[in-house]
Amino acid sequence: MNEHFISPACPVDLSLDHERLTLAHGEGGRAMRRLIQQQILPRLRSPALDGMADAAHLPACRGPLAFTTDAFVVSPLFFPGGDIGRLAVFGSVNDLVASGARPRWLSLAFILEEGLELSTLQRVLDSIAAAAQMSCVEIVAGDTKVVPRGAADRLFIATSGVGELIDPIPPGPHGLQPGDELIVSGPIARHGVAILACRENLRLEPAPVSDCAPLIALAEALRTAKIPVRAMRDATRGGVAAVLHEWAEQCPHTLAIDEPALPVTAEVRGVCELLGLDPLHVANEGTLMIAVAAGAGPRAIAALRQVPLAAQAALIGRVQPRRVAPVTVRRSLGVEQALDEPHGSPQPRIC
Amino acid sequence: MKFIDEYRNVPLALDLLARIRRRASRPWVLMEVCGGQTHSLLRHGIDAQLDGAVELIHGPGCPVCVTPEVAVDAAQNLALHPGVVLATFGDMLRVPGGRRTLHEVRAAGGQVKIVYSPLDAVELARRTPDRQIVFFSVGFETTAPATALAVLHADRLGVDNFSLLVAHVCVQPAMEAILQAGVCRVQGFLAAGHVCTVLGYDSYVAFVNRHRVPVVVTGFEPVDLLAGILECVEQLESQSFRVANCYPRSVRPEGNRRARQIVEQVFEPADGPWRGLGTISRGVLRLRDEWGRFDAARRFGTLAAQTVDCATECRAGDVLAGQIKPPECPAFGTRCTPDAPLGAPMVSSEGACAAYFQYRRVPVDATIGSSPLEILPS
């Protein structure tokens with residue numbers, strides 16, 4: 001059927017000139033095909049997607065692979081320093097990087113809410129394309145669903161990612177030894193504070209900016225400098241404290257950190273002091289936690305600081321023989337205490 | 001960071017600690033009134049450093065903790081009431097009512113929206129005229145001015161789908177109640193600096209004369225707290241009691257006149273219940289009759305909610321009255337944790353039980369002044 005034959009009175013408007021998505025865009029027919037062909041494929045510019053086949057064919061790799069999956073439901077979709085598209089690409093890329101892989105391929109599944117403005121989807125797609133290019137990954141598979149209004153919050157993205165593991169692969173947290181040094185790649189808690197300020201319209205000047213970024217160059221810098229990395233992890237939800245607790249659970253030692261050594265920007269510190277939040281519990285999206293062998297800390301910091309993103313990389317603590325608590329923090333006055341795991345999302349205090 | 005770093009200055013804190021220890025001829029028992037002060041004392045290990053010189057008893061100044069169960073239950077009922085959205089500070093979400101929390105009510109379909117200011121709730125009401133927005137107004141004199149302002153604002157804008165579930169409390173009557181309790185070990189008070197920022201401290205003069213105890217207006221950072229404690233100890237040692245202001249960068253004797261005036265315009269004191277402490281004479285605020293149309297209790301009549309009488313071993317009342325410290329409760333850290341709380345002080349960010357769980361569950365090393373960088377390689 002030629003599109004000229006579609007009556008303006010048709011109850012389901014299949015024209016993509018319409019500014020909002022309808023359920024028709026997810027029902028497998030012409031509207032969906034046009035959405036994919038006219039909006040998604042030209043923006044993602046991936047040869048692997050062009051045939052719209054059921055599965056991408058990937059070339060053989062020499063070594064073992066890393067495979068990850070993630071879902072992104074952030075609100076608001078756009079925030080200072082990023083958007084859900086960048087977050088989806090960088091989040092998946094960073095999971096691969098932290099596991100010791102070079103990210104190669106991603107898949108994306110969109111869950112779109114009926115009524116979503118097409119312009120919003122276009123912005124997110126453009127952002128995804130730019131983020132993928134920046135991370136040198138190819139988007140090779142995708143899916144689109146439209147759900148009735150209210151069944152999703154505007155736009156969700158689910159991803160999976162494949163990367164090639166590169167020698168030497170960090171042994172992971174079970175390989176931590178007393179004396180190993182703990183490093184954070186940059187100022188912490190920026191993403192969580194940026195989202196909180198934006199979502200709740202806290203009207204801060206300047207608005208806190210998310211750290212949303214790919215961590216590929218950091219891992220490369222550590223490899224190039226031949227740093228003996230024990231473990232890496234991007235410190236997302238739950239912040240640095242959650243990573244420390246995950247690691248401590250997998251090794252028989254205590255992870256001891258030093259609060260005054262933590263890099264925290266003035267903006268983030270101000271918000272956390274004001275709302276009673278602990279920056280150690282607040283999310284990051286472009287900050288890497290790294291454990292390196294004893295004595296390698298200063299060289300690792302020097303290598304990381306060559307990358308602009310990690311210009312403020314800092315040594316924040318070390319692994320010690322297990323004491324009474326799995327994770328400890330030395331506070332600003334010098335008192336050392338057990339560091340608690342975050343309990344769900346941090347809630348600002350009343351007064 | 002200005003107004004923070006200088007008040008966490010290690011040499012200054014060490015000097016104050018040494019002076020307190022030198023000055024105290026016997027262990028004095030002081031109560032820090034505010035939960036924010038409790039958390040700061042424990043986080044920085046100050047209470048442990050003063051062992052033998054000063055015992056700090058933790059006061060009832062945690063607004064989440066003292067909000068009575070009946071109010072939490074009413075909030076939950078309102079959140080489940082068709083057409084109603086309950087707007088609340090995030091801190092209240094995990095507080096257990098008679099049977100469950102607002103978190104659980106939200107999961108069960110209740111309409112609960114976290115706001116950061118009562119004015120946000122008025123704005124929400126303005127934007128959603130088809131919904132009734134009820135703001136769960138809890139807190140001490142620190143939050144009451146903003147709530148009162150929200151009422152005046154809603155009145156000015158003609159927003160008639162906004163109302164308050166009022167559970168505001170007043171700190172000074174609670175201090176009176178603590179001193180009048182049968183067993184009271186408190187010999188001096190660190191008054192809450194932020195409450196005094198609003199109320200001033202003139203009103204404490206009669207209190208000091210009546211009870212012959214020091215009242216020292218105290219801030220929240222380590223140097224603020226130590227300065228307040230030292231002043232209290234000085235007064236106790238010399239047995240000359242007065243109101244002293246150790247938080248002058250924020251507090252004036254008369255307080256914030258405009259804020260007080262707004263609160264008085266909208267609210268009036270009344271006798272009312274505190275969780276754990278029972279009814280306190282003039283211990284709560286209620287809306288004045290002329291603002292009664294903003295009272296959710298009148299609008300919805302659900303305040304008669306049946307509170308489920310749950311037998312519990314929670315000793316929050318004794319903790320809030322300063323009768324016991326959290327670890328003395330048999331359920332502390334075992335049957336009562338932040339993940340599965342029996343009482344509000346275990347979940348509130350200002351609750352004493354939460355402070356002990358967070359900072360004292362595992363005693364590690366409370367030596368102030370050891371080099372913060374000593375664990376790092378040079």
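Every chain is numbered from 1, with letters handed out A, B, ... down the list of sequences.
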Heavy-atom pair of closest approach, residues B/V10 and A/S332: CG2-O, 3.7 Å
Quick check: closest heavy atoms across B/G45 and A/V335, and the distance to 0.1 Å? CA-CG2, 3.9 Å
Side-chain contact, heavy-atom cut-off 4.5 Å: [X] with [Y]?
{"X": "A/D340", "Y": "B/R361", "value": "yes"}
{"X": "A/V329", "Y": "B/Y359", "value": "no"}
{"X": "A/Q337", "Y": "B/R360", "value": "yes"}
{"X": "A/D278", "Y": "B/R43", "value": "yes"}
{"X": "A/R269", "Y": "B/I4", "value": "yes"}

Does CZ belonging to B/R249 count more than 12 external heavy atoms closer than 6.0 Å? yes
Has A/Q177 got more than 12 heavy atoms of other residues, nucleotides or ligands less than 6.0 Å from its CD? yes
Under 4.0 Å between a side-chain nitrogen and a carboxylate oxygen: does that hold for B/R8 and A/E273? yes
Rounded to the nearest 0.5 angstrom, the OH-CZ distance for B/Y116 and A/R199 is 8.0 Å
If you round to the nearest 0.5 Å, how far is CG of A/N201 from OG of B/S117? 11.0 Å
At a 4.5 Å cut-off on heavy atoms, which part of A/L202 comes close to chain B: side chain, backbone, both, or neither? side chain
